[in-house]
Amino acid sequence: MTTAPSPESSTDLHAEIEVDATPAQTWALVSDVRRMPEWSPQVRRTFVPGGAVRLGSRMINLNHRGWMHWPTQAKVVRFEPHREVAFRVVENRTVWSFTLEPLDGGTRTRIVHKRESPEGVSPLSLGLTKVAFGGVPAFTDELRAGMQRTLERMRDTLAS
């Protein structure tokens with residue numbers, strides 16, 4: 001297990017974990033973004049209008065931190081079955097992804113979870129983070145830990 005900032009940018013985040021499941025088994029889990037509240041410490045609910053998750057699908061998330069709740073909207077921008085799903089959050093311009101890498105001849109899988117910010121994080125989001133979440137460095141550390149916890153919970157789900 002590794003949790004480290006991505007070398008591309010200080011706003012990019014990276015976590016990964018190896019699981020004892022095939023890429024197909026793992027894909028069934030990570031591509032069902034409606035189940036994200038089971039794993040993510042921050043996501044309370046995910047709604048996908050139309051139900052099916054595919055390239056171009058839109059999502060509405062309800063996130064929380066303590067007593068604070070806020071909605072976000074996202075669009076699936078990459079969708080390659082058994083390989084990668086990524087969605088771009090409208091409000092802060094970040095792209096969140098899960099990429100699967102087969103291990104041991106496809107009997108195991110590495111899940112790589114990233115938050116990338118190719119256009120930077122929106123000024124509005126940065127301002128709100130400073131005011132409501134204790135500042136960017138603290139919230140970034142919290143997000144990074146949450147990403148790792150998400151992967152650990154996914155691993156545990158696959159093992160059960």
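It should be emphasised that the depicted structure is a prediction, and the values quoted were computed from it without experimental measurement. The figures that follow rest on heavy atoms only: side chains count, while hydrogens, waters and symmetry mates do not.
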Intermediate values then yes/no, side chain to side chain contact (heavy atoms under 4.5 Å, CB included), Ile17 and Gln148: CA-CA 8 Å; Ile17 199 166; Gln148 190 64 43; 4.3 Å; yes
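- Hydrophobic clustering places Val53 together with Met59 (ILVMFWY residues linked when any side-chain heavy atoms are closer than 4.5 Å, directly or through intermediates).
- Note: Gln42 CD to Leu62 CG = 10.5 Å, rounded to the nearest 0.5 Å.
- In terms of heavy atoms, Val43 sits closest to Ser40 at N-OG, 3.2 Å.
- Within the structure, the salt bridge (Lys or Arg N to Asp or Glu O under 4.0 Å) test picks out no pair touching residues 21-31 (sequence neighbours left out).
- Residue pairs meeting the side-chain hydrogen bond (donor to acceptor under 3.5 Å, both in side chains) criterion with at least one member in residues 45-57, sequence neighbours excluded: Thr46-Asn61.
- To the nearest 0.5 Å, the span separating CG on Leu158 from OG1 on Thr26 amounts to 5.0 Å.
- Of the charged side-chain nitrogens involved, at least one lies within less than 4.0 Å of a carboxylate oxygen, so that Asp141 and Arg144 count as a salt-bridged pair.
- Of the residues Val30, Leu100, Leu103, the one that meets the side chain to side chain contact (heavy atoms under 4.5 Å, CB included) test with Thr109 is Leu100.
- Two residues are said to be in side-chain contact when any heavy atoms from C-beta on lie closer than 4.5 Å; Met154 and Met36 meet this criterion.
- Of the possible polar contacts, one joining the Arg34 side chain to the Gly51 backbone as a donor-acceptor pair under 3.5 Å is found.
- Alongside Leu128, the hydrophobic cluster contains Leu124 (criterion: ILVMFWY side chains under 4.5 Å).
- Apart from Val121 itself, the hydrophobic cluster it occupies contains Leu126, Val136, where clustering links Ile, Leu, Val, Met, Phe, Trp and Tyr at side-chain heavy-atom distances under 4.5 Å.
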CA sep, side-chain torsions, deciding dist, call: Trp27, Val85, side chain to side chain contact (heavy atoms under 4.5 Å, CB included): CA-CA 9 Å; Trp27 175 254; Val85 60; 4.0 Å; yes
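- Counting heavy atoms from C-beta on, the side chains of Arg153 and Pro41 come closer than 4.5 Å.
- The same ILVMFWY cluster, assembled from side-chain heavy atoms under 4.5 Å apart, contains both Met68 and Val89.
- Rounding to the nearest 0.5 Å gives a distance of 10.5 Å between CH2 of Trp70 and CZ of Arg44.
- Between the side chain of Gln73 and the main chain of Glu91, no donor-acceptor pair closer than 3.5 Å is present.
- In this structure, OG1 in Thr94 is found 9.0 Å from CG in Leu143, a value given to the nearest 0.5 Å.
- Taking 4.0 Å as the cut-off between side-chain N and carboxylate O, Glu152 and Arg155 do not count as a salt-bridged pair.
- Ring geometry for Phe133 against Phe139 counts as parallel: the plane angle stays under 30°, on a 0 to 90° scale with 60° as the upper cut.
- For the atom pair CZ (Phe79) and OG (Ser31), the distance works out to 5.5 Å, reported to the nearest 0.5 Å.
- The line from CZ of Arg115 to CE of Met147 is 8.0 Å long, rounded to the nearest 0.5 Å.
- Linking Ile, Leu, Val, Met, Phe, Trp and Tyr whenever their side-chain heavy atoms come within less than 4.5 Å puts Ile111 and Leu29 in one cluster.
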Chi angles and distances behind the side chain to side chain contact (heavy atoms under 4.5 Å, CB included) call for Arg110, Val112: CA-CA 6 Å; Arg110 176 180 294 117; Val112 178; 4.0 Å; yes
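- Among residues at least two apart or in separate chains, salt bridge (Lys or Arg N to Asp or Glu O under 4.0 Å) pairs with a member in residues 71-84 are Arg78-Glu84, Arg78-Glu116.
- For residues 119-139, the set of pairs meeting the side-chain hydrogen bond (donor to acceptor under 3.5 Å, both in side chains) definition, not counting sequence neighbours, comprises Arg88-Glu119.
- Checking side-chain atoms of His113 against main-chain N and O of Ser97 turns up a donor-acceptor pair under 3.5 Å.
- Residues Glu16 and Glu101 form no side-chain contact, since every pair of their non-hydrogen atoms from C-beta on lies 4.5 Å or further apart.
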